[in-house]
Number of protein chains: 2
Amino acid sequence: MTEPQPHTTTLGRLVGYRLRRASAVFASDFAVTLEGTGIRQIPMGILAVVADNPGINQGTVGRLLGIKRANMVPLINELIEAGLIVRETDPTDRRAFTLGMSAEGQRMLTECVARIEAHEERLLSGFTAAEKATLLDLLERIEQRAVTTD
Amino acid sequence: MTEPQPHTTTLGRLVGYRLRRASAVFASDFAVTLEGTGIRQIPMGILAVVADNPGINQGTVGRLLGIKRANMVPLINELIEAGLIVRETDPTDRRAFTLGMSAEGQRMLTECVARIEAHEERLLSGFTAAEKATLLDLLERIEQRAVTTD
DNA sequence: TATTGTTATACTCTATAACTATA
DNA sequence: TATAGTTATAGAGTATAACAATA
């Protein structure tokens, strides 16, 4: 991560480029912030979705987060081996798995969210509450433009 | 890419998560848009920086774009093998390389920029000019918070 | 000694295709 | 037939360490 492109350059005018760089700033600070927990950005997303939707099944988590079925497998295995989530066969559909938080996972998530909120406040310390809300709104609207292919 | 997280969820409130998803929306549409050209996001960034700064050296390009020295090597080789950029030994520092556009590279860049502008207009069709300007401004301010480590 | 570019290497994330077991 | 999860595999992107040539 280094010097930004002034907005007078070819790249500086491109929203896609700016998004990539801003996202990278958050990702690398995220990694530093959660150092020691062993939690990365993607597994953290899974933990958060499972906590918000106890009993959700594996495929649905992937669909919500834009993670392909095949790539979910090792991610879920990792979280189970770490003792953070629990997997059960769905009694109503024996092909599917039902996911839930372990007590340890819930503790870990709470800890991570606290650290992440501090890291976001740090990175956005130059922003007013209104600016942050505007940013979230604009980003959410971009997300809604996604071509839902899977 | 699929259903977004409502802003009432754990993830929906996190700017880092929203940035990652919005960035992914742009990246996947970018890939479709430049399909057939063989140009990806990162190499496109390099082309744009070299075009804006003829005679720039390899390391500087990497520093501007947040690409590590070691990772620049195959990227530059790829662009040279494709005949898009030209590499010369810097006469004032024989360790360093000086990069420039080939005629073909300049044509390719012009073509790509035109397509990218159309793709950005499409993705941002629900945004006013003021909203787009606000977004670019907010993202640029985040970039400036980057911890410049290398 | 420090820096430019290189090589080798490893890890994460993403993508596709073919498989199984259930539905 | 279609779907949930799995396996195998390949490609991009990113990271570190050690090296040669030059400063």
Side-chain angles (χ1 to χ4, degrees), chain A residues 1-2 17 20-21 23-32 34-35 38-46 55-80 85 87-99 146-147 149-150, chain B residues 1-2 17 20-21 23-32 34-35 38-46 55-80 85 87-99 146-147 149-150:
Chain A
M1 224 79 337
T2 26
Y17 172 73
R20 210 163 61 74
R21 295 304 297 269
S23 184
V25 168
F26 268 74
S28 81
D29 192 73
F30 181 102
V32 171
L34 292 201
E35 212 159 70
I39 305 292
R40 305 181 309 283
Q41 245 185 334
I42 307 285
M44 162 69 201
I46 296 175
I56 195 172
N57 81 334
Q58 187 168 316
T60 306
V61 174
R63 246 168 274 124
L64 285 170
L65 293 174
I67 303 171
K68 297 232 178 303
R69 280 197 319 285
N71 297 328
M72 283 298 288
V73 179
L75 289 166
I76 294 297
N77 286 340
E78 175 188 343
L79 290 170
I80 285 167
I85 65 174
R87 171 172 54 192
E88 285 171 29
T89 302
D90 182 339
T92 73
D93 181 348
R94 288 169 45 240
R95 293 169 303 181
F97 285 145
T98 269
L99 302 175
V147 196
T149 349
D150 179 289
Chain B
M1 225 77 343
T2 26
Y17 173 73
R20 208 164 61 72
R21 295 303 297 270
S23 184
V25 169
F26 269 73
S28 80
D29 191 74
F30 181 102
V32 171
L34 292 202
E35 213 158 69
I39 305 293
R40 305 182 309 284
Q41 246 186 335
I42 308 283
M44 161 70 201
I46 296 176
I56 194 171
N57 82 330
Q58 188 169 316
T60 306
V61 174
R63 246 168 273 125
L64 285 171
L65 293 174
I67 305 171
K68 297 235 180 297
R69 281 199 317 286
N71 297 330
M72 282 298 288
V73 179
L75 289 167
I76 293 297
N77 286 341
E78 176 188 343
L79 290 171
I80 285 168
I85 63 173
R87 171 171 56 190
E88 286 172 30
T89 303
D90 183 339
T92 73
D93 180 349
R94 288 172 42 239
R95 292 170 304 184
F97 286 146
T98 268
L99 302 176
V147 195
T149 347
D150 179 292

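Side-chain atoms are counted along with the backbone in the values below, which use heavy atoms only and exclude waters and symmetry mates. All chains are named by letter (A, B, ...) in the order of the sequence lines, taking the proteins before the strands, and each is independently numbered beginning at 1. Computed from a prediction, not measured in an experiment: that's the story for all the values here.
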statement: Here the gap from A:I39 atom CD1 to A:L34 atom CG, rounded to the nearest 0.5 Å, amounts to 7.5 Å
- prompt: Closest heavy-atom contact between A:R40 and A:F30?
  reply: C-CE2, 3.6 Å
query: Starting at CG of A:N77 and ending at P of C:dC13, how long is that distance when rounded to a whole Å?
result: 15 Å
task: Could you tell me whether the phosphate oxygens of C:dG5, OP1 or OP2, come under 4.0 Å of any side-chain nitrogen or oxygen in B:N57?
output: yes
message: Just the rounded figure in Å: distance from C1' of C:dG5 to CG of B:L75.
response: 14 Å
query: In the 5'-to-3' direction, what one-character label does each nucleotide of nucleotides 17-22 of chain C receive under the scheme B = base within less than 4.0 Å of a protein heavy atom, S = sugar-phosphate only, - = no such atom?
result: B---BB
message: Side chain of B:A96, heavy atoms from C-beta onward: which of C:dA15, C:dG5, D:dA12 has the nearest atom to it?
response: C:dG5
- prompt: Roughly, in whole Å, what's the span from CD in B:E88 to C1' in C:dG5?
  reply: 17 Å
message: To the nearest 0.5 Å, what is the distance between CG on A:D93 and CG on A:N57?
response: 8.0 Å
- prompt: What's the CG-P distance between A:L64 and D:dA4, to the nearest Å?
  reply: 13 Å
query: Mind pulling the stems DNA chain C is in, i.e. runs of at least three Watson-Crick or G-U pairs, everything under 3.5 Å?
result: C:1-23 with D:1-23
- prompt: What closest approach, in Å, do B:P43 and B:E78 show between heavy atoms, and which atom pair accounts for it?
  reply: CG-OE2, 4.2 Å
- prompt: For B:M72 and C:dT6, what is the distance between atoms CE and C1' respectively, to the nearest whole Å?
  reply: 13 Å
task: Between B:T98 and B:R20, name the one whose nearest nucleotide on DNA chain C is closer to the 5' end.
output: B:T98
task: Would you mind reading off the distance between B:F97 atom CZ and D:dT22 atom C1', rounded to a whole angstrom?
output: 12 Å
statement: dist A:I80:CD1 -> A:F97:CZ (nearest 0.5 Å) comes out at 7.5 Å
- prompt: Step by step, would you call A:R20 with B:L65 a side-chain contact (heavy atoms from CB on, under 4.5 Å)?
  reply: CA-CA 11 Å; A:R20 210 163 61 74; B:L65 293 174; 5.6 Å; no
task: Could you please spell out the steps behind the side-chain contact (heavy atoms from CB on, under 4.5 Å) verdict for B:V73 and B:Q58?
output: CA-CA 9 Å; B:V73 179; B:Q58 188 169 316; 4.2 Å; yes
query: When the distance from CD1 of B:I42 to C1' of D:dG11 is rounded to whole Å, what number comes out?
result: 14 Å
- request: Tell me whether the OP1 or OP2 atom of C:dT12 has a side-chain N or O from A:Q41 closer than 4.0 Å.
  value: no
- line: B:G55 and B:T98 have their tightest heavy-atom pair at O-OG1, 3.6 Å
- prompt: Between A:I67 and A:I46, does a side-chain contact (heavy atoms from CB on, under 4.5 Å) hold up when you go through it step by step?
  reply: CA-CA 10 Å; A:I67 303 171; A:I46 296 175; 4.3 Å; yes
task: Would you mind telling me which of D:dA12, D:dA15, C:dA15 lies closest to the side-chain atoms of A:N71?
output: C:dA15
message: Output the rounded distance in Å from CD1 (A:I56) to C1' (D:dA4).
response: 14 Å
